[in-house]
Protein chains: 2
Amino acid sequence: MKHGVSPDTFPPRSHEAKRVSVVDAAASVFCREGYAGANIDLISAEAGVSRQTVYNHHGDKENLFVAVVRDLTERCNAGIFATIASFPDQPTDLEADLIAFAVRMNRNCICNRDGRFLRKLIQAEGERYPELFAEWREQGPGRTWSALAARFARLAFAGHLSIGDPDVAARQFLALVNAELQITFMLGGTPTEEEVLRSATNGVRTFLSAFARKKLPAGKQAALVHA
Amino acid sequence: MKHGVSPDTFPPRSHEAKRVSVVDAAASVFCREGYAGANIDLISAEAGVSRQTVYNHHGDKENLFVAVVRDLTERCNAGIFATIASFPDQPTDLEADLIAFAVRMNRNCICNRDGRFLRKLIQAEGERYPELFAEWREQGPGRTWSALAARFARLAFAGHLSIGDPDVAARQFLALVNAELQITFMLGGTPTEEEVLRSATNGVRTFLSAFARKKLPAGKQAALVHA
DNA sequence: ACAAATTTAGACAGCCTTGTCCAATTCGTC
DNA sequence: GACGAATTGGACAAGGCTGTCTAAATTTGT
């Protein structure tokens, strides 16, 4: 009874298959136990591989950790940009299209295994590896936000939205769409499909209430804060 | 050169003063190093106390950890409810009052030492202590949100806001007001006063754009999702 | 100033973990 | 089927950490 690992026997796998198997198991164990609490025996057991193989592939624990984070970062970024590519640039039903986009974003990038693991590792060990996570920060959130901001700017330009600062709008969009999932994330859980949909629906509706093109009641909200 | 500890000598302190000194140091070390990575020698050194004293007061490491979490939970909850008590029930300038409230909330509950530490411990070790964190969850976010929701409902009832579901509005308010601080939180940092103000300002403006009482352009947004 | 309680430093056993080494076995490939 | 590379399991030393114990020093209450 390890944890929730597959059966007790593993089919034979290639050299490269073992490498990814080790990295996957390591990601899981590092997340569950923390860097210091993760031990190589557990990782190798969970990967269905001998301890020596772990050392053969990755040298030492710190090296393995770095490999895990780079791997997760890469996969997460790929998922994020693939999803952003599906942004509704020419919406037919703006609300429905944005909700569907938000659900895709959540399911493919934020709630999935890689997203949850990467977030937890960053929060837990980010301060210990400044250069590693600075790298992530530039390639991940930095590009994500500006890519998303560009899409919202285009929607605004096309007359679908009324936006002051697209960067602010992009961050607020993500914050709103995840507003109801925070505690679940805190405890490392995975929200149900229904929770994701509800949070996205509520978030997008509020977002559109604020940013849908409309006559403003007073001269209010002329421009949002920039500096 | 330990970390950022006071001078190398400590003035004499009472029995009780040592207990809190130990808990404080333990909170800091648990956050920095994780539960498994935290060692009692480091905690006692940081508390300016001998290792044996730590054991005298708290028995063992796990006990100490629980004491730390309970302590942080208690202080955070106190801060949160004190701050919610200052909610602008009869606003003169709704936007300014809500911004000021959001800044207080951030500064006194979310960005301060206790808030950051508690969040990190929950994220890192929450799954390992289900009952402990279930307790926190009920007393903390559970009550926080419904208390805040009640305040927003009152504002809506008084005609200052147009809100569908006060619980959703309360969560979205917090999400919006923190939207720009997420990465800083991720890496365990403390946002500057200026960042807090900017995030609160942008968040409240968007919140009010969505929920300020106004004529709706179309028959849209009749009711927000509940279930 | 005295007695009790607390704190301290240090030593200590027991345990766990990392990382290395090695001989035997299995795997991929020709 | 045979060869070289990869994998395995097991043993191993070195080091770290927890938690206990002690005797001496210090603090606290009276």
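Chain naming here is simple, since letters A, B, ... match the order of the sequence lines and numbering starts at 1 in each.
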Please identify each residue that fulfils salt bridge (charged side-chain N to carboxylate O under 4.0 Å, His left out) with Glu74(A), with sequence neighbours left out.
none

Can you give one letter per nucleotide of nucleotides 4-15 of chain C, 5' to 3': B if a protein heavy atom sits under 4.0 Å from the base, S if only from the sugar-phosphate, - if neither?
--SSBS-B----

Side chains of Ile183(A) and Trp145(B): closer than 4.5 Å at any heavy-atom pair?
yes

Using a heavy-atom cut-off of under 4.0 Å over every strand shown, decide if Ala38(B) touches base, sugar-phosphate, or nothing.
sugar-phosphate

Whole-Å distance separating the CD1 atom of Ile43(B) from the P atom of dG19(D):
11 Å

Residue pairs, two or more places apart or on separate chains, that pass ring pair (Phe, Tyr, Trp, His ring centres under 6.0 Å) and touch residues 166-188 of chain A:
Phe152(A)-Phe173(A), Phe173(A)-Phe207(A)

If I take atom CZ in residue Arg19(A) and atom P in nucleotide dC27(C), what distance separates them, rounded to the nearest angstrom?
20 Å

Under the side chain to side chain contact (heavy atoms under 4.5 Å, CB included) test, which residues partner Glu193(A), sequence neighbours left out?
Val103(A), Arg107(A)

Contacts of type ring-ring contact (aromatic ring centres under 6.0 Å, His included), residue Phe133(A), not counting sequence neighbours:
none

Could you tell me which residues satisfy side chain to side chain contact (heavy atoms under 4.5 Å, CB included) with Tyr35(A), sequence neighbours excluded, listed by chain and number?
Phe30(A), Lys61(A), Glu62(A), Phe65(A), Glu125(A), Tyr129(A)

Once you round it to whole Å, what is the distance between C1' of dG15(D) and NZ of Lys61(A)?
14 Å

Measure CG/Asn39(B) against P/dG16(D) and give the value in whole Å, please.
11 Å

May I have the distance from His58(B) (atom NE2) to dT18(D) (atom P), rounded to whole angstrom?
15 Å

Round to a whole Å and report the spacing from CD of Glu62(A) to P of dT18(C).
13 Å

What is the separation between atom CD1 on Ile40(A) and atom P on dT17(C), rounded to the nearest whole Å?
11 Å

Interatomic distance where CZ belongs to Phe65(A) and C1' belongs to dT18(C) [whole Å]
17 Å

